[in-house]
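Worth knowing before you read on, the calculation uses all heavy atoms, side chains too, and leaves out hydrogens, waters and symmetry mates. We number each residue from 1, following the sequence as shown.
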Amino acid sequence: MTPTSALPVVDVSVAAGACCSPVTGGVLDVDEATRLARIFKALGDPTRVRLLSLIAAQTDQEACICDLTDPVGLSQPTVSHHMKQLVEAGLVEREQRGRWAYYRVVGETLEALSHALRP
């Protein structure tokens with residue numbers, strides 16, 4: 001005879017959330033789909049992706065707007081517009097220091113995007 005043992009009871013709602021991404025794990029609700037789309041839309045512009053990578057490449061993941069204009073070859077008002085889009089999407093945070101704005105990557109948002117696309 002084969003010995004028998006009880007199988008553990010698993011809460012399916014918890015298990016599904018732990019192994020499946022929001023996008024591939026089921027149907028997103030309207031609010032979550034809207035939130036993800038807003039973030040991905042902000043990353044739909046190559047200049048914004050480049051700006052985000054420039055900030056992330058800094059040792060403290062922070063950069064002054066004055067240090068972002070030359071690398072992308074755009075004027076300060078244009079870079080500020082792109083940075084506003086990244087702030088509104090929650091990808092970076094802005095802090096005013098005197099006359100300059102400093103931007104810092106929001107790691108939690110990048111992690112959430114990564115998690116949303118995992119199969």
Heavy-atom closest pair, residues [X] and [Y]:
{"X": "Gln76", "Y": "Thr69", "answer": "CA-CG2, 3.6 Å"}
{"X": "Ala89", "Y": "Ile39", "answer": "O-CG1, 3.3 Å"}
{"X": "Pro46", "Y": "Gly44", "answer": "CD-O, 4.0 Å"}
{"X": "Ala63", "Y": "Ile55", "answer": "CB-CG1, 4.0 Å"}
{"X": "Gln85", "Y": "Ala42", "answer": "O-CB, 4.0 Å"}

Rounded at 0.5 Å granularity, tell me how far SG in Cys64 sits from CD in Glu95.
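Nearest 0.5 Å value for the SG-CD distance: 11.0 Å.
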Say you draw a straight line from NE2 of His81 to CG of Asp45; how long is it, rounded to the nearest 0.5 Å?
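With rounding to 0.5 Å, NE2 (His81) is 8.0 Å from CG (Asp45).
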Determine, stepwise, if the pair Leu68 / Met83 fulfils side chain to side chain contact (heavy atoms under 4.5 Å, CB included).
CA-CA 10 Å; Leu68 298 174; Met83 293 309 300; 4.1 Å; yes
Donor-acceptor pair, [X] side chain versus [Y] backbone, under 3.5 Å?
{"X": "Arg38", "Y": "Ala33", "result": "no"}
{"X": "Gln58", "Y": "Leu54", "result": "yes"}
{"X": "Gln96", "Y": "Gly98", "result": "yes"}

Checking side chain to side chain contact (heavy atoms under 4.5 Å, CB included) for the pair Leu113/Leu36: CA distance, chi angles, key distance, verdict?
CA-CA 8 Å; Leu113 287 177; Leu36 285 171; 4.1 Å; yes
Got more than 12 heavy atoms from elsewhere within 6.0 Å of CZ, Arg97?
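More than 12 heavy atoms, drawn from other residues, nucleotides or ligands, come within 6.0 Å of this atom.
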Check for me, please, whether Leu28 and Leu43 land in the same ILVMFWY cluster - side-chain distances under 4.5 Å, paths through other members count.
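Per the 4.5 Å side-chain linkage, Leu28 and Leu43 are co-clustered.
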Does Glu88 come within less than 4.0 Å of Arg48, counting only side-chain N to carboxylate O?
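No, Glu88 and Arg48 are not salt-bridged.
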Heavy atoms, side chains only, cut-off 4.5 Å: are Thr109 and Leu91 in contact?
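Yes, their side chains come closer than 4.5 Å.
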Pairwise side-chain contact, Thr47 with Leu74, heavy-atom cut-off 4.5 Å (strictly under)
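Thr47 reaches Leu74 side chain to side chain.
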Using side chain to side chain contact (heavy atoms under 4.5 Å, CB included), reason through Arg104 and Val92 one step at a time and then give a plain yes or no.
CA-CA 5 Å; Arg104 178 178 295 277; Val92 296; over 6 Å; no
Applying side chain to side chain contact (heavy atoms under 4.5 Å, CB included), run through Tyr103 and Leu51 and close with a yes or a no.
CA-CA 10 Å; Tyr103 296 90; Leu51 287 166; over 6 Å; no
